[in-house]
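Notes follow the structure.
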Amino acid sequence: MTNRWKSIGLAALLAGLTLSASYAEAAGVLTIGRREDSTTFDPIKTAQNIDNWVFSNVYDVLIRVDKTGTKLEPGLAESWTVSDDGLTYTFKIRDAKFSDGSPLTAEDAAYSLLRIRDDAASLWSDSYKVIDMAVATDARTLTIKLKNPSAPFLSTLALPNASVISKKGMESLGPDAYAEKPIASGAFVVEEWRRGDRVILKKNPNFWQADRVKLDGVEWISVPDDNTRMLNVQAGELDTAIFVPFSRVEELKKDPNLNVDIDASTREDHLLINHAHGALGKKEVRQALDLAIDKKAIVDTVTFGQGTVANSYIPKGALYYYADNLQRPYNPEKAKELLAAAGASDLTLNYLVRAGDEVDEQTAVLVQQQLQKAGITANLQKVDPSQEWDMTVAGDYDISVNYWTNDILDPDQKTTFVLGHDSNNNYLTNYKNEAVKELVAKARLELDPKKREAMYVDLQKMAKDDVNWIDLYYSPYINVSRKNIENFYQNPLGRFFLEETVKN
């Protein structure tokens, strides 16, 4: 989902400057450099990529998204059937074990789904309220009854946050202990979590597909500075690194020791707007901001042509993307007129910027200059990433760049989060439109694909008219690896297929 972070600390920076000797020196252990540390291993308590991308290989789900990121395939559920009325789903759970050797049963699967639905700490409860009942009719059979038919339901079961956890383990350890060192259902086990530094994973010998896993382990190492992280890979101190700066792609491609992997993604960068702050609550002011930002210039300058201008919150290539959605032209003079009519000619905004993120900082400078031409003053407030996310959640910002990658194939999840409910203030923007909210709920229930597509086209038009946020650009995942690393791959939804990665 989002690429916003909570906790880094000095230890991570030091780790990035000089990577210490570690378990990773052993053969078959893959080191991955990333910007920030994990925040939790409790799936229901996070909505951040830094967590999901790691525990997607620690946990398994009932249904998976395939490597192409376009189809659903069996996971812990080896098969399933759906009743004619679309209300009852019956899953056959495969013969599998948790990392502690205990059997993984339909009861664990039912427990995991009811927990994401009911637990007060769940960030995902809205997506699972459609479940009326989830029961284990026997050790290998999970029966789920829905309150009403739901078009995205099977897709939601592939969400990493709906991973199957051990009921016995969670009840005996408690959520805090489990979130630190979980009982795994996936390819790897959390061996150690050094806060602010690294997460050390070891191969799970009890994983039902353990014979597919070639690595002995994985270390996710926090290296906050983008350029330092690239230098670490070039020097052989890291095997791989994610979030390659756009500016470094061509240079790194020329290094004979490296592979630069550019993978299709569902990433969409956008400018968050806090509708609860003064004049930003007026649609005309938000439309003026949209007119005042030259997205093509941002794509050309910041992404070095790797990105494409975005015109919808649904990413290009995703289900129900509306290619003909409105894309407001860059027009600072028209923006001035709208601001004057709205009584906001001398608009001053607090622009929250994540310090140390090359792309974020470059984008901020460009946007600041563009807004100035429309008479808008944007004061850049650079903060450490550990502060930035908390400030955004607290609403302590006017505008701030963020990004989203889809977690499921169906558009319902992102649409619900950013347009369709109030529990997260519509993804931190405080956007409110009751007609939009009602249509989001209706689209979830509509089973006719053509009618449903028409609803999502309308939602994309309505969101653009309201300017819930400002769509900036779509871009691929760009990662780098040493030549001795094979099959380091990320699918469009962001999952790393580390069970197939090889370190020679």
Side-chain angles (χ1 to χ4, degrees), residues 43-44 59-66 70-96 98 103-119 122-168 170-171 185 208 319-320 407-417 420-421 438-453 455-456 493:
I44 71 169
Y59 296 117
D60 204 355
V61 285
L62 289 170
I63 299 175
R64 297 173 177 172
V65 176
D66 76 337
T70 60
K71 296 183 297 183
L72 296 175
E73 63 182 17
L76 288 170
E78 60 185 10
S79 63
W80 56 88
T81 59
V82 185
S83 63
D84 291 341
D85 63 5
L87 294 177
T88 303
Y89 290 70
T90 305
F91 298 87
K92 182 67 175 178
I93 306 300
R94 67 178 71 250
D95 185 10
F98 286 107
L104 188 155
T105 69
E107 187 176 3
D108 296 298
Y111 173 80
S112 301
L113 288 175
L114 295 177
R115 184 170 182 265
I116 198 172
R117 184 193 70 178
D118 297 336
D119 194 293
S122 174
L123 299 181
W124 299 95
S125 58
D126 282 11
S127 296
Y128 297 87
K129 295 295 187 188
V130 70
I131 296 175
D132 182 42
M133 180 183 71
V135 296
T137 49
D138 61 50
R140 293 280 167 261
T141 306
L142 170 67
T143 301
I144 299 174
K145 291 188 177 180
L146 305 185
K147 296 174 183 176
N148 46 256
S150 171
F153 181 65
L154 284 175
S155 286
T156 66
L157 297 182
L159 180 72
N161 308 87
S163 294
V164 177
I165 63 171
S166 167
K167 177 183 178 183
K168 180 180 178 182
M170 179 62 76
E171 290 178 342
S185 54
W208 69 274
L319 184 64
Y320 301 143
D407 297 304
I408 67 172
L409 296 179
D410 196 277
D412 172 70
Q413 180 216 26
K414 184 176 183 181
T415 303
T416 299
F417 245 79
H421 64 75
E438 289 176 12
L439 187 55
V440 172
K442 288 180 181 178
R444 190 179 303 126
L445 302 178
E446 180 55 63
L447 300 182
D448 184 305
K450 289 186 178 179
K451 292 180 180 178
R452 195 162 184 250
E453 180 175 12
M455 291 178 174
Y456 278 103
L493 274 64

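The analysis underlying the following values was restricted to heavy atoms, covering all of them including side chains, and did not include hydrogens, waters or symmetry mates. Keep in mind that this is a model prediction, so the values were computed, not measured.
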Nearest heavy-atom neighbours spanning [X] and [Y]:
| X | Y | result |
| --- | --- | --- |
| S122 | I116 | OG-O, 2.7 Å |
| A134 | L114 | O-CD1, 3.8 Å |
| F417 | L123 | CZ-O, 3.6 Å |
| P160 | P43 | O-CB, 4.0 Å |
| Y59 | V164 | CD2-O, 4.0 Å |
| A77 | R94 | O-NH2, 4.2 Å |

Rounded to the nearest 0.5 Å, what's the gap from [atom1] on [X] to [atom2] on [Y]? Could you check?
| X | Y | atom1 | atom2 | answer |
| --- | --- | --- | --- | --- |
| L62 | L72 | CG | CG | 12.0 Å |
| S127 | I408 | OG | CD1 | 7.0 Å |
| K442 | K451 | NZ | NZ | 12.5 Å |
| L159 | Q413 | CG | CD | 5.5 Å |
| E453 | D448 | CD | CG | 10.5 Å |
| I93 | T141 | CD1 | OG1 | 8.0 Å |

May I ask you to say whether D108 pairs ionically with K168, meaning some side-chain N is under 4.0 Å from a carboxylate O?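 No salt bridge links D108 with K168.
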
Looking at R452 and D410, does any basic side-chain N land under 4.0 Å from a carboxylate oxygen?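 Result for this pair is yes, salt bridge flagged.
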
Atom [atom1] of [X]: over 12 foreign heavy atoms under 6.0 Å:
| X | atom1 | value |
| --- | --- | --- |
| K147 | NZ | yes |
| K129 | NZ | yes |
| K92 | NZ | yes |
| E107 | CD | no |

Return the orientation label for the Y320 and Y456 ring planes: parallel under 30°, perpendicular over 60°, tilted otherwise.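 The arrangement is parallel - the two ring planes meet at less than 30°.
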
I'd like to know if the side chain of D412 pairs up with that of T415 as donor and acceptor (distance under 3.5 Å, no hydrogens or angles considered).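 Checked: D412/T415 side chains show no N/O donor-acceptor pair below 3.5 Å.
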
For [X], the option from [options] that meets side chain to side chain contact (heavy atoms under 4.5 Å, CB included):
| X | options | answer |
| --- | --- | --- |
| Y89 | L146, T143, L157, T81 | L146 |
| L113 | T156, I144, D118 | I144 |
| P149 | V82, L87, D85 | L87 |

Under the criterion side chain to side chain contact (heavy atoms under 4.5 Å, CB included), I'd like the reasoning laid out for L104 against W208: C-alpha separation, chi angles, the key distance, then a yes or no. CA-CA 10 Å; L104 188 155; W208 69 274; over 6 Å; no

So V130 and R444, side chain to side chain contact (heavy atoms under 4.5 Å, CB included) or not? Walk me through it. CA-CA 10 Å; V130 70; R444 190 179 303 126; 5.9 Å; no

Tell me if a side-chain donor or acceptor on T105 pairs with a main-chain N or O of A139 at a distance below 3.5 Å.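 Side chain of T105 to backbone of A139: no pair is present.
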
